[in-house]
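One-based numbering along the sequence shown.
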Amino acid sequence: MRDARPWTHAALFGTLWASTEITLGTLLGAGGVPMFGTLMSSFGVLCMVTARRLQPAPGATLVMGLVVTFLKVFFAGGLALGAVVGILSQALLVELAFTATRSTVPGAVV
């Protein structure tokens, strides 16, 4: 049987990121906090880097991005195209950084 831990970590951290995006992101956006997207993307990068350093499986950050996108679209009340594109492009860039550096510490810094 294949090891499912990387995908479990991806789903777990993706759900954590999505729940933060849905609750805190909505609260900060409704409150008119300036540049709240920067705070939310920083939390997303933190979740992706943590999950990828725990289980360095290629493609795990893309799975996290898909989990967050799915949960945000279906549980946040609609398709916010800017947020979806931002989340998926952020996951793709982090995946490319980790793949190019073979999941090393410099990849986490990039």
Side-chain angles (χ1 to χ4, degrees):
M1 183 172 168
R2 292 181 26 190
D3 190 17
R5 281 181 287 186
W7 310 114
T8 305
H9 279 95
L12 175 72
F13 281 99
T15 304
L16 174 68
W17 179 15
S19 63
T20 305
E21 281 274 345
I22 292 168
T23 56
L24 186 62
T26 303
L27 180 68
L28 292 175
V33 175
M35 296 179 54
F36 73 94
T38 305
L39 176 68
M40 300 312 303
S41 66
S42 299
F43 185 76
V45 168
L46 177 72
C47 286
M48 285 187 285
V49 168
T50 303
R52 187 65 184 257
R53 293 293 294 158
L54 286 174
Q55 294 291 327
T61 55
L62 287 177
V63 170
M64 285 181 63
L66 291 174
V67 167
V68 173
T69 302
F70 175 81
L71 292 175
K72 189 161 175 79
V73 166
F74 288 107
F75 292 108
L79 176 66
L81 191 59
V84 169
V85 169
I87 289 168
L88 290 177
S89 63
Q90 181 179 4
L92 179 65
L93 289 174
V94 171
E95 179 66 35
L96 289 174
F98 272 116
T99 302
T101 60
R102 295 180 181 83
S103 297
T104 59
V105 175
V109 171
V110 169

Verdict with reasoning, Leu88 to Leu66, per side chain to side chain contact (heavy atoms under 4.5 Å, CB included): CA-CA 7 Å; Leu88 290 177; Leu66 291 174; 3.9 Å; yes

Would you compute the distance between atom [atom1] of [X] and atom [atom2] of [Y] and round it to the nearest 0.5 angstrom?
X	Y	atom1	atom2	answer
Leu54	Arg5	CG	CZ	11.0 Å
Thr8	Phe13	OG1	CZ	11.5 Å
Phe98	Arg53	CZ	CZ	6.5 Å

So, for [X] and [Y], which heavy atoms are closest and what is the spacing to 0.1 Å?
X	Y	value
Ala51	Met64	CB-SD, 3.7 Å
Ala57	Pro6	CB-CB, 3.4 Å
Ala60	Ala10	O-CB, 3.6 Å

Apart from Leu62 itself, residues in the same hydrophobic cluster as defined by side-chain heavy atoms under 4.5 Å: Leu92, Leu96

Pairs touching residues 28-42 that satisfy salt bridge (Lys or Arg N to Asp or Glu O under 4.0 Å), sequence neighbours left out: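 Output for this query is empty, none listed.
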
Look at the side-chain heavy atoms of Ile, Leu, Val, Met, Phe, Trp and Tyr, link any pair under 4.5 Å apart, and say whether [X] and [Y] land in one connected group.
X	Y	value
Phe74	Leu71	yes
Leu93	Val45	no
Val68	Val49	yes

Close side-chain approach of Met40 and Leu24, heavy atoms under 4.5 Å: yes

Test item: Val84 and Lys72 side chains (from C-beta on) under 4.5 Å apart, heavy atoms: no

List the atom pairs, with distances to 0.1 Å, where a side-chain N or O of residues 25-32 and a protein N or O form a donor-acceptor pair under 3.5 Å, not counting sequence neighbours.
from: Thr26; atom 1: OG1; to: Ile22; atom 2: O; distance (Å): 2.5

Contact list for residues 55-70, test side-chain hydrogen bond (donor to acceptor under 3.5 Å, both in side chains), sequence neighbours left out: Thr61-Glu95

side-chain hydrogen bond (donor to acceptor under 3.5 Å, both in side chains) contacts touching residues 31-51 (sequence neighbours left out): none

Derivation of the side chain to side chain contact (heavy atoms under 4.5 Å, CB included) call for Met48 and Gln90: CA-CA 10 Å; Met48 285 187 285; Gln90 181 179 4; 3.6 Å; yes

Residues forming a side chain to side chain contact (heavy atoms under 4.5 Å, CB included) with Phe43, sequence neighbours excluded: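 Only Leu16, Trp17, Thr20, Leu46, Cys47 meet the side chain to side chain contact (heavy atoms under 4.5 Å, CB included) criterion with Phe43.
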
